[in-house]
Amino acid sequence: MQYPEPIAKLIESYMKLPGIGNKTATRLAFYTIDMNEDDVTSFAKNLISAHRDLHYCSVCGNITEEDPCEICRDTTRSQDMILVVEQPKDVMSLERMNDYHGLYHVLHGVLSPIEGKGPDDINIANLIKRLQKTPAKEVIIATNATPEGEATAMYISRLIKPAGIKVTRLAHGLSVGSDIEYADEMTLLKAVEGRQEI
Amino acid sequence: MYLSELQLDHYRNYEQVDVHFSPDINVLIGENAQGKTNLLEAIYVLALARSHRTHNDRELIQWNSEFARITGIVQRKTGHTPLELIVSQKGKKAKVNHLEQAKLSQYIGQLNVVLFAPEDLNIVKGSPAVRRHFIDMEFGQMSAKYLYNISQYKSILKQRNQYLKQLQRRQAKDLIYLGVLSDQLAAYGAEVTIARREFLQQMEKWAQKLHQEITKERELLTFRYQSQIPDDQLALDTEGLYQQFQTLYETQQSREVEQGTTLVGPHRDDVTFLVNGKNVQSFGSQGQQRTTALSVKLAEIDLMKEQTGEYPVLLLDDVLSELDDLRQTHLLKTFQNKVQTFLTTTSLENVKKEIISAPRVFTVTNGTVAMVTTEVN
């Protein structure tokens, strides 16, 4: 027996989400049928609004409802520091720190020829244009500590360092409040390499 | 350390087996396809929770059975430890001293084994890729830093090759990015080269000693690491090697773009084994090649002893039949009274009996193991 068409279509839609396969999609679809109508309606509205009402900021590339985004419009923030991250999620994490008061730039990915992402496919050109317009004193690169993240950091630094802009990279090492006992060998190695005089 | 007892339940062609081993030499005799290698494999699996012959654990379970169980008792200087490994359709369960271990990594290392199987001859006879794989596996076990550097190197290499292909097809044109990838590759390449050189020196020391013992000092085994960096430059430190690689990437850039692949780096290096100054792969006899493979592989025994303080258990699968009497004698003498050794053979004729003092002999017939009570001597 086949599922009736509405539910089959719903299952198909759920399966488009990352990490959701046939079984989970079926479970979610049947759950959706039993949900009350108001919840379902607002769920559908939220889905559409997240897609329609959100844009990428034309300055920094972060997700926003209005362009330019809240952070880029905030004149109380230090305008001569730009922190470069891979994803909009990373901006949220760094904002939670509540200690950085400069601007951001979101790359939407890292350089990775295997995934077909070259220098023109991520948001680097905008960063250069932005720096040409209003030169920052320091660019902090906060890409992930993967080989691709490192390569992207090195690439950006080679592009902007000749303009006399200070380029820095986040530190590697032990996470705060953690035990040395539980750290893996490579983290320890990086921590020893990056030791500081006290 | 040694394995004093082994019990198998529903393992491959063994219904149920209970054997007590000698701490010295154990000989497993049997016709082909009776289960000799299966028994060696069971010891290997008990030690490392995976097989050297298959990636599919279900093959380890006897036909029509739900699970296979291997139990054994390891004797060390500090006391004895019961080990248990259960392989079922759902996965593996490992127990040390009757306590289940949450992680297999906590289990592995209780029993150390070194296995020499006929396919290990490829270390000498095979392609450079086989030798690189062998040294990467060996050194990776000894150093987490090496494992990290080699895996970073490989993932950057993949990206760089892909990018070179795009440059070749003119789908990309940014040479600054190529420069970044070259520098990254040069940095990890320098680390990998330095570590390989150091580890190979340690390994050479032990392999050389073994090789001399097996050949009664007739043959001198030496290693030569072959790299695109000239030999006299190989002694440089990491920084020096990094600069060497950078220069090579600069000079080779147009060729690399033309061919769409990375032409320089440790992924193209090789090790040559020399016996009395001659390359064994091209000029050695079958016996010399086999002895070289043995010496290189069994150098691991001494490396493990250095690290853990105890000798591992040695498993020799069908090795003796292809060595002459002299080499057999010296191979077994080298490890006698030091290393618990298991060896398989189709008949005792192949083994010069007087060379082994009181081996424990087992006959393997169609999934049963019986101890031969009359001592061979």
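Nothing here was measured: the structure is a model prediction, and the numbers come from that model. Order of the sequence lines sets the chain letters (A, B, ...), proteins ahead of strands, with each chain counted from 1.
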Contact winner vs chain B - A/G116, A/P119, A/G118, heavy-atom pairs under 4.5 Å:
A/P119
List the atom of A/M154, the atom of B/D183, and the distance in Å for their closest heavy-atom pair.
CE-CB, 3.7 Å
So what's closer than 4.5 Å to chain B heavy atoms on A/M186: side chain, backbone, both or neither?
side chain
Is the number of heavy atoms from other residues, nucleotides or ligands within 6.0 Å of CG (A/L17) greater than 12?
yes
Heavy atoms from other residues, nucleotides or ligands near CZ of A/F30 exceed 12 (cutoff 6.0 Å):
yes
Distance from A/L111 atom CG to B/D174 atom CG, nearest 0.5 Å?
8.5 Å
Would you say CD of A/E37 has more than 12 non-hydrogen atoms from neighbouring residues, nucleotides or ligands within 6.0 angstrom?
no
Given heavy-atom pairs under 4.5 angstrom as the criterion, report whether the side chain, backbone, both or neither of A/K117 touches chain B.
neither
NZ (B/K173) and CG (A/D120) are apart, to the nearest 0.5 Å, by 5.5 Å
At a heavy-atom separation under 4.5 Å, does A/L189 approach chain B through its side chain, its backbone, both, or neither?
side chain
The interface call for B/Q184 against chain A, heavy-atom contacts under 4.5 Å, is both
Donor-acceptor side-chain pairing of A/E148 and B/Q159 below 3.5 angstrom:
yes
Take a 6.0 Å sphere around OH of A/Y100 and say whether it holds more than 12 heavy atoms from other residues, nucleotides or ligands.
yes
Counting only heavy atoms not in A/E193 (residues, nucleotides, ligands), do more than 12 fall under 6.0 Å from its CD?
yes
A/E12, CD atom: more than 12 neighbouring heavy atoms under 6.0 Å:
no
Rounded to the nearest 0.5 Å, what's the gap from CD on B/Q152 to OG1 on A/T146? Could you check?
8.0 Å
Around B/M137, counting heavy atoms of other residues, nucleotides and ligands shown, do more than 12 lie under 6.0 Å from its CE?
no
Nearest non-hydrogen partners of B/V180 and A/A151, listed with the distance
CG1-O, 3.3 Å
For A/H172, does the NE2 atom sit with more than 12 other heavy atoms under 6.0 Å from it, leaving out its own atoms?
yes
Compare all side-chain heavy atoms of B/Y177 with those of A/P113 and state whether any distance is below 4.5 angstrom.
yes
